[in-house]
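Everything below concerns the one structure shown next.
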There are 2 protein chains.
Amino acid sequence: MTETDFLTALRALPLHPAARGLRDDTARLLHVPLVVTTDTLVEGVHFLSDDTPQDVAWKLVATNLSDIAGKGAKPDGILLNYPLSDDGWDRAFLAGLAEVLTACGTSLLGGDTVTLPKGAPRVLTVTAFGCDTPAPPRGGAGENDALWVTGTIGDAGAGLAIAQGADGPPELAARYRRPTPRLAEGRVLSRIAHAMMDVSDGLLIDAARMGEASSLAVHLDLAAVPLSAPYRAFAGDDRAARLAAATAGDDYELLFAMPANVVPPVVATRLGRFARGSGLYLHDAGEPLPLPARLGFDH
Amino acid sequence: MTETDFLTALRALPLHPAARGLRDDTARLLHVPLVVTTDTLVEGVHFLSDDTPQDVAWKLVATNLSDIAGKGAKPDGILLNYPLSDDGWDRAFLAGLAEVLTACGTSLLGGDTVTLPKGAPRVLTVTAFGCDTPAPPRGGAGENDALWVTGTIGDAGAGLAIAQGADGPPELAARYRRPTPRLAEGRVLSRIAHAMMDVSDGLLIDAARMGEASSLAVHLDLAAVPLSAPYRAFAGDDRAARLAAATAGDDYELLFAMPANVVPPVVATRLGRFARGSGLYLHDAGEPLPLPARLGFDH
């Protein structure tokens, strides 16, 4: 079954009001000021078998906290579902877990350990909690709002290629292996953004999703997509390099909508705007572009 | 690494105050009246590959809600981490999920779907929330408190043998496949119990854990262990049958401590008492018994 079919079927089940129709990355619990999110990483699917256990721990926690950042929430603990294996892997994982919890200012709440059948790929789950949040929804953008993104885009996608053997700057591989959830930026932006989400599947697909959830069209300028110096050194700065960056995913930056006359108080780049209508419209310094066949990672 | 070693190592990490030192089945969140618990089931480890997907869904949700029942909490939604596979399995799983959510009066909050590499065993996680709870801890028993258990013990253990091919009453297999979390009993008992937990790993091991957490000895009368009529028909009623029942696990009944002069307002059986000292002491109608080599399922 595809994820879309499965989600459609899930929507026919008893659904919690806080689930927001399963259309958001997080659920905001009722009666309590708490958001919750959960992500599972599978060996050979979401991480490489030769990624270090420290990096796997970092990524597992950081990707969940990125959803918490997308809600402007303060992280308030994680649950870990962990498959026990050999001592070396487990101890290295624990070292990475300590690093990322400390770096992100959060802590372990509980979890579960299991033993997998011999040879089975590792499957790891983290559930993260965030508190004290105004939780701007993905679908809150207004007509004429500007679309912004924090940081730079495409680094992690290039980093994956480098992790898989391509020749390129190690900073890019580090951005793939150890994404930084934009927690401080999320806290500030949540007070002024109309809509916000983290960019995990690719800038174009996530921008299209924000437009769809907001029932508006999104106009995005490819020339505005912020590229890092290491990315330019690795992939160049032409249209193909920009399209690759904008569709690669794993950026874990924050995408947000705010009134056109407001400048966000964090390092961010204005990418385009929301308008009446529907769909994603791409242009490159004024010239309309056809959408690429693949906007990002579609589950 | 063993679970014990892993938990010891986890306790050296940044630990949330609500984690209670990772010594409980649930975490009680701070500032909000919410308990949370999470359990992972692995194909070939926690369920049989030929168990029906409906039963797997039931068991996955019911075992988590049993921890919620152990805290006397009202279930308030679940998160599901689900590996997508073939349509038939997924649809049957969804049907079972709808059944158990409806039967237990709770609903879906959110979750994550993944795709596993071909041939990998299914790994499924549910995280359950409970609200409005006084949350009696596992370690709250007092000296001279009586030890009680709801329902009957050993049915699921016998049911597993029957599910694996032994000849016996189908009611027992049903208790293994579709445990009933004692939610209503938990709500009532949480107001009067000093300590409470669900019995998942075996009556003896769980009673020993409650004693240890309460820094008291537990004296337990094997003759008092409540056996169902189908269990007696399957396994008999002698000492061996009682020891098998008391060490089998998967009962998902509630074990609780309360003052000796109080009779609980639910169907329950008095098993013994807490006393100064430490350790589990077993007797059979007055005669002291040595402890069996295996008290239950030790992770």
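Proteins come first, then strands; the chains are lettered A, B, ... in the order of their sequence lines, and each starts at number 1. Just the heavy atoms: all of them, side chains too, but no hydrogens, waters or symmetry mates, feed the values below. This one's a predicted model, so the numbers in the text were calculated from it and none came from an experiment.
Rounded to the nearest 0.5 Å, atoms CG (A:Leu109) and OG1 (B:Thr37) are 11.5 Å apart. We find the CG-CG distance between A:Leu79 and B:Leu79 to be 9.0 Å, quoted to the nearest 0.5 Å.
Of the listed residues (A:Asp5, A:Asp112, A:Thr125), the greatest number of heavy-atom pairs within a distance under 4.5 Å of chain B belongs to A:Asp112. Most heavy-atom pairs under 4.5 Å with chain B, from the set A:Thr127, A:Leu80, A:Leu97, A:Val114: that is A:Val114. Heavy-atom pairs under 4.5 Å with chain B were tallied for A:Thr115, A:Thr106, A:Leu41, A:Ile78; the largest tally goes to A:Thr115. Chain A forms the most heavy-atom pairs under 4.5 Å with one residue out of B:Leu101, B:Val123, B:Leu94, B:Leu116, and that residue is B:Leu94. No other option in B:Pro117, B:Gly88, B:Gly119 has as many heavy-atom pairs under 4.5 Å with chain A as B:Pro117.
For B:Asp39, the parts sitting under 4.5 Å from any heavy atom of chain A are the backbone and the side chain alike.
Under the side chain to side chain donor-acceptor pair (under 3.5 Å) criterion, B:Asp90 pairs with B:Tyr82, B:Ser85, sequence neighbours left out. Considering only residues two or more places apart in sequence or on other chains, A:Thr180 meets the side chain to side chain contact (heavy atoms under 4.5 Å, CB included) condition with A:Arg182.
Environment of CD in A:Glu99: crowded, with over 12 heavy atoms of neighbouring residues, nucleotides or ligands closer than 6.0 Å.
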Side chain to side chain donor-acceptor pair (under 3.5 Å) between B:Thr38 and A:Asn81: does it pass, once the steps are laid out? CA-CA 8 Å; B:Thr38 186; A:Asn81 300 74; 3.0 Å; yes
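Contact residues of residues 43-50 of chain B toward chain A are B:Glu43, B:Val45, B:His46 (heavy-atom distance under 4.5 Å). Heavy-atom proximity under 4.5 angstrom to chain B picks out nothing from residues 52-64 of chain A.
A:Leu13 is not listed as a side-chain neighbour of B:Ser107, based on a closest heavy-atom distance of 4.5 Å or more.
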